[in-house]
Amino acid sequence: MKLDISTQMGVANRLAATTRAISKSIQRLSSGQRILSPGDDLVGFHSLSWLNSQTRGLTQANFNVNKAQGMLATAEDAISAQMDIVQAMKALALEGANSSLSADNRQEINTRLQELLSQFNEIVSSTEFNDIHLLDGGAGTQNLLVGANQGNDLNFELPDLNAGKSFLKTVGSGVSSATTTFGTTSHQASVISDFDGDGINDFAGAGEYVSIYMGTGDGSFGHSTTIDGGGAEAGASIGREMVAADMNNDGIQDIVTFFLNARFSILIGKGDGTFETAITSASPGGTWLHGDVVDIDNDGDLDIVGSNKTLTSVDIFTNDGALSFTETNEAGSNLVYDVQMVDIDNDGIPDIVEANAGDDSIGIQIGNGDGTFQTLSTFATGDFPYRLQVADFNRDGEMDILNLDFNTGQYSFHAGNGDGTFDARVMGALSLGSTNTDLEILDFNGDGVLDFVAMDTTGDTAQYYQGVGNGTFTASKVISLVNNVADLSVGDIDNDGVADVIGLSTSATSYITKILTNTKQVVALADLNVNDVETASKLADILDDTILALEDEQSKLSSVHSRLDIIGASNLLMSDSFEEAKSRINDPDTVLEVTELLRNQILADAQVASYAQANVQLQTVMQLLSF
């Protein structure tokens, strides 16, 4: 019998290979994976490794997204609570803008305002997420990996909502932009007010005719119209003073123009920037330079007062409520160049304050509240007082008087005592020129102290003086205007909440010069009170700005939150796509694998039988050889 060992070894090798194939099929079927090692599919194995890395990265990225969304939701809810507090503060501010409140009422409101401010700060200090303070500005920029790879970053800023950063007011910065000029018509008087009810100040200038320039809100003016403001009817006279006021109590601004020949006209506004035909008064004779509009007889209707330098009188026109006026006169001292109606003795009744250029005095007539006045009293001031302003310049709560001395290039300040009397003159020198013909007050440097701007007709300049707060002023800057300056007016023309200045010229290529006051924001915590109606009204504006700022911060966080929602959904969709790709690459063909397993099992059975037969043959030979 021939013994073939190679046959036995071949069968053993083939059986081992079949066994390995069976094991591989069982692994694939039991694991559900086609590729178990690089040897199964080198390209597929690397693709699976990358896909596994991506899906794990996306899983972690979505964990980061969910954590960040929790942080953002916490911050947004806290800001909502702050907004509720500020809304409650605004309601108190509006309540405080009521002149009928007592001092005790105001103190109660102030106490409540401070309690709400403490709650506002408490939210800032207590709002945390994972030991991170979210609203105090300390967290700063948050860096977030929102994808599976480097560079898939999202950065966002957590706000600083401390009270000192949230309660702000816009004030003048003490710096003005470059002057710009416009207009082709000569004017000698002007006023800034909102004539069309759009919340944006417009501008009116008067010569013989009145020009209306509609504001755009950015410091420029759109279309203009020129109308007969009563100058032609008044004998071709020139307007020397303009006042915006609601003369017929319809809630719409009207224009009162004071003419040189001692007449006034009223342009009744229609609310759209247009006006009805001018109502013109008769003249008492003489010459008017300035005037004022105020309710002097306490009947709810605005009356008109003019300074008559020629007749040395204050001409009074009492309104009957239907724009019909009764004329009376109060004797002035000597050459009444200017007049203002202000309550100087704290009795709630307007009084007469007049600049008497003829005898270098200030005249005072205390109002009785019925359109009549007490006997004129005077006190000495500077040389040829020409223009005056009455306001609280030294911040003691009493009305003071500031006037320009036409001949000397100086100003005179008289501190008010609150009883209708004033202290002796405090003199100050103007930096340029001696011919100063207009004076306007504003706070152009945002320190809460009234400043003033004077017009020098000799040097064609506007001179700014910064109030110190004690009745003295320091020169701040001088701005050149166009030739033959005639008038200054003050008002917010670029809608930033801070007064700007417009200067007029009577002979130039461009007749109107704009001087915009630049602004800055400062902390307004000291303004969180309702000590008086004006302060309460300003507080309401500050709180409106605070609410808008909080809404802006909340909107920023909400925007990030929305982006994270989109990113999270995108990551899930991408992860699903990667899982599908992995399935397509790595899922075994079950039918094929089962068929292959059965084939290999049958083959293995045959190979085992063959191997067994070979072993039997070998044993038979070995037994024969043992004989």
Side-chain angles (χ1 to χ4, degrees), residues 70-129 131-140 157-171 199 392 395 397 443 446-449 496-498 519-561:
M71 174 187 288
L72 291 169
T74 302
E76 290 175 59
D77 290 343
I79 295 175
S80 293
Q82 287 183 307
M83 289 172 63
D84 290 340
I85 290 174
V86 180
Q87 290 283 12
M89 295 174 77
K90 184 183 175 183
L92 292 173
L94 294 176
E95 182 181 354
N98 183 347
S99 59
S100 65
L101 293 182
S102 67
D104 289 341
N105 294 149
R106 295 190 180 279
Q107 183 55 48
E108 291 171 359
I109 293 175
N110 287 342
T111 300
R112 180 56 181 154
L113 284 171
Q114 292 305 310
E115 292 173 351
L116 290 171
L117 178 62
S118 297
Q119 294 177 22
F120 185 95
N121 284 327
E122 176 63 24
I123 291 175
V124 174
S125 61
S126 63
T127 301
E128 297 182 10
F129 185 88
D131 293 331
I132 299 174
H133 288 273
L134 303 182
L135 302 181
D136 65 358
E157 193 84 17
L158 288 173
D160 183 354
L161 296 180
N162 282 296
K165 298 292 182 65
S166 300
F167 296 93
L168 303 173
K169 62 180 178 180
T170 301
V171 298
D392 182 11
R395 297 194 296 180
D443 178 10
D447 62 356
V449 179
D496 61 3
V498 177
T519 62
K520 62 181 179 181
Q521 285 196 310
V522 297
V523 178
L525 294 180
D527 299 271
L528 301 184
N529 64 78
V530 293
N531 292 339
D532 51 55
V533 172
E534 182 179 1
T535 302
S537 297
K538 290 181 179 179
L539 174 58
D541 291 337
I542 291 170
L543 296 175
D544 278 338
D545 291 341
T546 301
I547 292 171
L548 290 175
L550 291 174
E551 287 177 346
D552 182 60
E553 293 296 342
Q554 190 178 48
S555 176
K556 291 177 183 177
L557 296 181
S558 295
S559 176
V560 176
H561 205 150

With sequence neighbours excluded, what pairs up with Arg395 under the side chain to side chain donor-acceptor pair (under 3.5 Å) test?
-> none
For Ser80 and Asp77, run side chain to side chain donor-acceptor pair (under 3.5 Å): C-alpha distance rounded to whole Å, both residues' side-chain angles, the deciding distance at 0.1 Å, then the answer.
-> CA-CA 5 Å; Ser80 293; Asp77 290 343; 5.2 Å; no
When you look at Ser100 and Asn98, which way does the side chain to side chain donor-acceptor pair (under 3.5 Å) test go after all the steps?
-> CA-CA 5 Å; Ser100 65; Asn98 183 347; 2.8 Å; yes
What pairs with Glu108 under side chain to side chain contact (heavy atoms under 4.5 Å, CB included), at least two apart in sequence or on another chain?
-> Asn105
Partners passing side chain to side chain contact (heavy atoms under 4.5 Å, CB included) against Lys165 (at least two apart in sequence or in another chain) = Asp160
Rounded to the nearest 0.5 Å, what's the gap from CE on Met83 to CD on Glu76? Could you check?
-> 11.5 Å
Ser125 side chain near Asp136 side chain, heavy-atom distance below 4.5 Å | no
Answer whether the closest heavy-atom distance between the side chains of Leu117 and Leu525 falls below 4.5 Å.
-> yes
Taking the side chain as C-beta and beyond, is there a heavy-atom pair between Ile85 and Ile123 under 4.5 Å?
-> yes
State, yes or no, whether a side-chain contact exists between Thr535 and Val530 at a heavy-atom distance under 4.5 Å.
-> no
Between Gly164 and Val523 the two heavy atoms that sit nearest each other are O-CG2, 3.3 Å
Identify the heavy atoms of Pro159 and Glu553 that sit nearest to each other, and give their distance.
-> CB-OE1, 3.3 Å
All heavy atoms of Leu557 vs all of Ala75, minimum pair found to be CD1-CB, 3.7 Å
Tightest non-hydrogen contact, residues Leu101 and Gly96, listed as CD1-CA, 3.6 Å
Quick one: CD1 on Ile79 to CD on Gln554, what's the gap to the nearest 0.5 Å?
-> 5.5 Å
Residue pairs, two or more places apart or on separate chains, that pass salt bridge (Lys or Arg N to Asp or Glu O under 4.0 Å) and touch residues 519-530 = Lys169-Asp527
Taking only residues at least two apart or on different chains, which pairs with a member in residues 118-127 satisfy salt bridge (Lys or Arg N to Asp or Glu O under 4.0 Å)?
-> none
Which pairs with one or both residues in residues 78-109 pass ring-ring contact (aromatic ring centres under 6.0 Å, His included), sequence neighbours excluded?
-> none
For residues 76-124, which residue pairs qualify under ring-ring contact (aromatic ring centres under 6.0 Å, His included), counting only residues two or more places apart or in two chains?
-> Phe120-Phe167
Does the side chain of Leu72 come within less than 4.5 Å of Thr74's, by heavy atoms?
-> no
What pair of heavy atoms forms the shortest contact from Ala536 to Ala97, and how long is it?
-> CB-N, 3.5 Å
Could you tell me whether the side chain of Asp443 and the main chain of Gly448 form a donor-acceptor pair under 3.5 Å?
-> yes
Rounded to the nearest 0.5 Å, how far does CG of Leu528 lie from CE of Met89?
-> 5.0 Å
Leu135 vs Leu158 side-chain heavy atoms within contact, under 4.5 Å | no
Side chain to side chain donor-acceptor pair (under 3.5 Å) with Glu128: which residues, sequence neighbours excluded?
-> His133
Are side-chain heavy atoms of Thr519 and Val171 found at a separation under 4.5 Å?
-> no
Checking Asn529 side chain against Asn110 main chain: does a donor-acceptor pair fall under 3.5 Å?
-> no
With Glu115 via side chain to side chain donor-acceptor pair (under 3.5 Å) - residues at least two apart = Arg112
Mind checking what makes side chain to side chain contact (heavy atoms under 4.5 Å, CB included) contact with Ser99, not counting sequence neighbours?
-> Val533
Hey, can you pull the donor-acceptor pairs under 3.5 Å for the side chains in residues 539-548, sequence neighbours left out?
residue: Asp544; atom: OD1; partner: Lys90; partner atom: NZ; Å: 2.7
residue: Thr546; atom: OG1; partner: Ser166; partner atom: O; Å: 3.1
residue: Thr546; atom: OG1; partner: Ile542; partner atom: O; Å: 3.0

For Glu95, the side chain to side chain contact (heavy atoms under 4.5 Å, CB included) test, sequence neighbours excluded, returns Leu92, Ile109
